[in-house]
Undergrad: 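Please see the structure below; I have some questions.
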Amino acid sequence: MALITGLFAFFWHLPQIYKWILKPYYSLSVLMTVAFLIIRKAPGICEHLATNREDGNSCDFDWREVEILMFLSAVVMMKNRRAITLEQHVGNLFLFSKVANVILFFRLDIRLGLLYLVLCLAFVMTCKPPLYMGPEYIKYFSGKNIDDELQKDTRVTWIVEFYANWSPECQSFASMFADLSLKYNCKGLKFGKLDIGRYGEVAERFRVSTSALTKQLPTLVLFQGGVEIMRRPMVDKKGRAVSWTFNEENIIREFNLNELFQKSKKQKKAGAEEVVVEEEEVPVQPAAVEADQPIESKKDQ
């Protein structure tokens with residue numbers, strides 16, 4: 001059953017996977033993920049590799065390599081239990097596959113291990129995951145304008161994401177936050193983002209950690225009248241983030257998006273009705289009165 005579900009998910013996302021493969025980050029990640037498999041199975045190369053197999057076949061996995069690959073599969077499955085988006089699933093697969101490849105290559109030949117480790121470091125430094133470039137209704141704040149924008153209109157509720165481009169969690173969450181903005185953005189409910197990697201002083205003021213090991217990214221904060229009402233994940237008294245799952249269902253429920261959206265629509269409708277009533281009650285003055293001139297009657301003529 002699990003195999004059928006996996007195959008169905010693969011074919012369902014096949015158009016998106018095809019687009020990914022065309023991007024350098026994903027194509028190189030796939031090559032680095034299967035690097036050990038290619039080396040171990042490639043004719044003309046595998047015959048010269050060391051092996052611990054009893055039959056001396058260096059073109060097949062030995063029992064220790066099988067154990068490492070099985071352990072890799074178990075780790076990826078455990079990590080993906082909390083993954084929400086397809087990007088998170090794929091990211092976990094790439095990350096732990098590279099770690100397993102480092103171990104396998106060092107075990108096979110220390111020179112191959114060093115070479116693969118150098119390639120991994122070069123890849124991390126030069127090749128970044130592509131940023132989300134799809135449709136969205138999101139305002140990107142700078143360190144100077146966030147306070148002014150939040151307090152400009154006290155009737156507007158803001159949901160602001162504090163993120164960093166180097167964070168894999170923020171990268172995978174970008175498409176979900178964009179989808180929420182497309183569904184719920186209106187005159188009284190708006191969505192914003194601020195890059196704490198660029199504006200560290202703002203992150204410090206809003207108590208969002210910029211550490212590479214932080215569990216606070218991304219952080220969603222609800223502002224009403226320029227005042228913070230709630231945030232997820234919450235932070236305890238010791239400054240540690242309380243674990244929270246960033247999926248669409250949790251965000252809609254915790255931030256009451258449906259209620260906020262309906263309330264905003266009612267306010268907009270009520271405001272429009274008030275404008276119409278005011279326009280109807282404006283008296284129309286005769287031209288002579290506007291000019292402060294008396295109106296002559298027919299008897300006076």
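In this chain, residues are counted from 1 in sequence order. Please read these numbers as outputs of a predicted model, since none were measured by experiment.
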Undergrad: Compare every heavy atom of D195 with every heavy atom of A164, then report the nearest pair and how far apart it is.
TA: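 What the structure gives for the nearest pair is CA-OD1, 3.7 Å.
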Undergrad: Does the distance from a Lys or Arg side-chain N to an Asp or Glu carboxylate O, for E136 and K193, drop under 4.0 Å?
TA: no
Undergrad: Is a side-chain donor or acceptor of T214 paired with a backbone partner of T210 at a separation under 3.5 angstrom?
TA: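 Judged by distance alone, no pair lies under 3.5 Å.
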Undergrad: Do F177 and Y163 make a side-chain contact, defined as non-hydrogen atoms from C-beta onward lying under 4.5 Å apart?
TA: no
Undergrad: Do the non-hydrogen side-chain atoms of F255 and N250 ever get within less than 4.5 Å of each other?
TA: no
Undergrad: Can you check whether K215 reaches P233 side chain to side chain, under 4.5 Å on heavy atoms?
TA: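 A side-chain contact under 4.5 Å is absent here.
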Undergrad: Roughly how far, to the nearest 0.5 Å, is the CZ atom of F106 from the CZ atom of R111?
TA: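 Spacing of CZ (R111) from CZ (F106) equals 12.5 Å.
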Undergrad: Carefully, step by step, assess Y184 and N258 under the rule side-chain hydrogen bond (donor to acceptor under 3.5 Å, both in side chains).
TA: CA-CA 8 Å; Y184 291 98; N258 290 322; 2.7 Å; yes
Undergrad: Could you state the interatomic distance from CG (N101) to CD1 (I38), rounded to the nearest 0.5 Å?
TA: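 Spacing of CG (N101) from CD1 (I38) equals 9.5 Å.
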Undergrad: May I ask you to decide whether E228 forms a salt bridge with R231, counting only side-chain N to carboxylate O separations under 4.0 Å?
TA: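 A salt bridge is present here (some side-chain N lies under 4.0 Å from a carboxylate O).
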Undergrad: To the nearest 0.5 Å, tell me how far I39 CD1 sits from H48 NE2.
TA: 12.0 Å
Undergrad: Quick check against the 3.5 Å criterion: does Q216 have a side-chain atom that pairs as donor or acceptor with the backbone of R207?
TA: yes
Undergrad: For atom CD of E54, decide whether the heavy atoms of other residues, nucleotides or ligands shown that lie under 6.0 angstrom number more than 12.
TA: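 No - once you tally the heavy atoms of other residues, nucleotides and ligands closer than 6.0 Å, there are 12 at most.
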Undergrad: Evaluate the side-chain contact (heavy atoms from CB on, under 4.5 Å) criterion for residues T51 and N57: first the C-alpha distance (whole Å), next the side-chain angles of each, then the deciding distance (0.1 Å), finally the verdict.
TA: CA-CA 7 Å; T51 181; N57 183 10; over 6 Å; no
Undergrad: Applying the 4.5 Å side-chain criterion to the ILVMFWY set and letting contacts propagate, would I45 and F61 be lumped into a single cluster?
TA: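 Yes.
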Undergrad: Do N185 side-chain atoms and L182 backbone N/O form a donor-acceptor pair below 3.5 Å?
TA: no
Undergrad: Evaluate the side-chain proximity of E248 to K183: yes if any heavy-atom separation is below 4.5 Å, no if none is.
TA: yes
Undergrad: Tell me whether L114 is reachable from I103 by hopping between hydrophobic residues (I, L, V, M, F, W, Y) whose side-chain heavy atoms are closer than 4.5 Å.
TA: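 Linked, I103 and L114 end up in one cluster.
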Undergrad: Do the side chains of F96 and F71 get nearer than 4.5 Å, heavy atoms only?
TA: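 No, their side chains stay 4.5 Å or more apart.
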Undergrad: Walk me through whether S29 and F123 qualify under side-chain contact (heavy atoms from CB on, under 4.5 Å).
TA: CA-CA 9 Å; S29 293; F123 175 81; 3.1 Å; yes
Undergrad: Ring-plane angle category for F94 and Y26, please: parallel below 30°, perpendicular beyond 60°, tilted otherwise.
TA: tilted
Undergrad: Which residue is it: V99, L69, L72? I am looking for the one with a side chain to side chain contact (heavy atoms under 4.5 Å, CB included) to L104.
TA: L69
Undergrad: Charged N to carboxylate O under 4.0 angstrom, R205 versus D147?
TA: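 Here R205 pairs with D147 in a salt bridge, since their nearest N and O are under 4.0 Å apart.
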Undergrad: Measuring only between side-chain heavy atoms, which start at C-beta, is R53 closer than 4.5 Å to W63?
TA: no
Undergrad: Looking only at non-hydrogen atoms, find the nearest pair between S209 and S211 and report the distance.
TA: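 Distance-wise, the nearest heavy atoms are OG-N, 3.3 Å.
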Undergrad: Counting distance only, does the side-chain N/O of N256 pair as donor-acceptor with the main-chain N or O of L260 below 3.5 Å?
TA: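 No; zero donor-acceptor contacts below 3.5 Å.
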Undergrad: Quick one: closest heavy-atom pair of L222 and I159, and the distance?
TA: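 Shortest heavy-atom contact: CD1-CG1, 3.7 Å.
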Undergrad: Between atom NZ of K190 and atom OG of S264, what is the distance when rounded to the nearest 0.5 Å?
TA: 9.5 Å
Undergrad: Which atom pair, heavy atoms only, marks the closest approach of Y25 to C127?
TA: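 Heavy atoms only, the tightest pair is CA-SG, 3.5 Å.
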Undergrad: Please determine whether a side-chain nitrogen of the Lys or Arg among R155 and D153 lies less than 4.0 Å from a carboxylate oxygen of the Asp or Glu.
TA: yes
Undergrad: For residues L119 and M32, determine if any side-chain heavy atom of one lies less than 4.5 Å from a side-chain heavy atom of the other.
TA: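 Yes; the side chains approach each other to less than 4.5 Å.
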Undergrad: If Ile, Leu, Val, Met, Phe, Trp and Tyr residues are connected whenever their side-chain heavy atoms lie under 4.5 Å apart, and connections chain through other members, are V34 and V76 in the same group?
TA: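 In one cluster with V34: V76, no.
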Undergrad: Any ion pair linking E65 and R40 (charged N to carboxylate O, less than 4.0 Å)?
TA: yes
Undergrad: Tell me, with the steps shown, if N145 and K139 meet side-chain contact (heavy atoms from CB on, under 4.5 Å).
TA: CA-CA 11 Å; N145 71 347; K139 181 176 181 60; 4.2 Å; yes
Undergrad: Cation-pi between K41 and F36: NZ/CZ under 6.0 Å from ring centre and within 45° of the ring axis?
TA: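 Verdict for F36: no cation-pi partner in K41.
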Undergrad: For residues I110 and Y116: do they belong to one hydrophobic cluster (side chain heavy atoms under 4.5 Å, members Ile, Leu, Val, Met, Phe, Trp, Tyr)?
TA: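 Yes.
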Undergrad: Among the clusters formed by ILVMFWY side chains lying less than 4.5 Å apart, do V242 and L220 turn up in the same one?
TA: no
Undergrad: Is it the case that atom CD in E201 sees more than 12 heavy atoms from other parts of the structure closer than 6.0 Å?
TA: yes
Undergrad: Where is the tightest heavy-atom contact between L108 and A50, given as atom of each residue plus distance?
TA: CD1-O, 3.3 Å
Undergrad: Specify the closest pair of heavy atoms between P218 and E161, including all atoms of both residues, with the distance to one decimal.
TA: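 Closest approach of P218 to E161: CB-OE2, 3.5 Å.
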Undergrad: In Å, rounded to the nearest 0.5 Å, how long is the span from CG of L112 to CG of L117?
TA: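 It comes to 12.5 Å.
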Undergrad: Under 4.5 Å between side-chain heavy atoms, chaining through other members, with only Ile, Leu, Val, Met, Phe, Trp and Tyr counted: pull out the rest of the cluster around I146, sorted by chain and number.
TA: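 Under the 4.5 Å side-chain rule, I146 groups with F141, L150, V156, W158, V160, F162, W166, L194, I196, Y199, V202, F206, V208, L217, V221, F223.
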Undergrad: Within the supplied structure, the quantity of interest is the number of heavy atoms (other residues, nucleotides, ligands) at a distance under 6.0 Å from L121 CG; does it exceed 12?
TA: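 Enclosed: over 12 neighbouring heavy atoms sit under 6.0 Å from CG of L121.
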Undergrad: Before giving the answer on side-chain contact (heavy atoms from CB on, under 4.5 Å), spell out for L257 and L180 the whole-Å C-alpha distance, their side-chain angles and the decisive distance to 0.1 Å.
TA: CA-CA 9 Å; L257 290 186; L180 289 171; 4.2 Å; yes
Undergrad: Side chains of W244 and I251: closer than 4.5 Å at any heavy-atom pair?
TA: yes
Undergrad: Just verifying a value: how many Å separate K263 NZ and L189 CG, rounded to the nearest 0.5 Å?
TA: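 Separation between the atoms: 11.0 Å.
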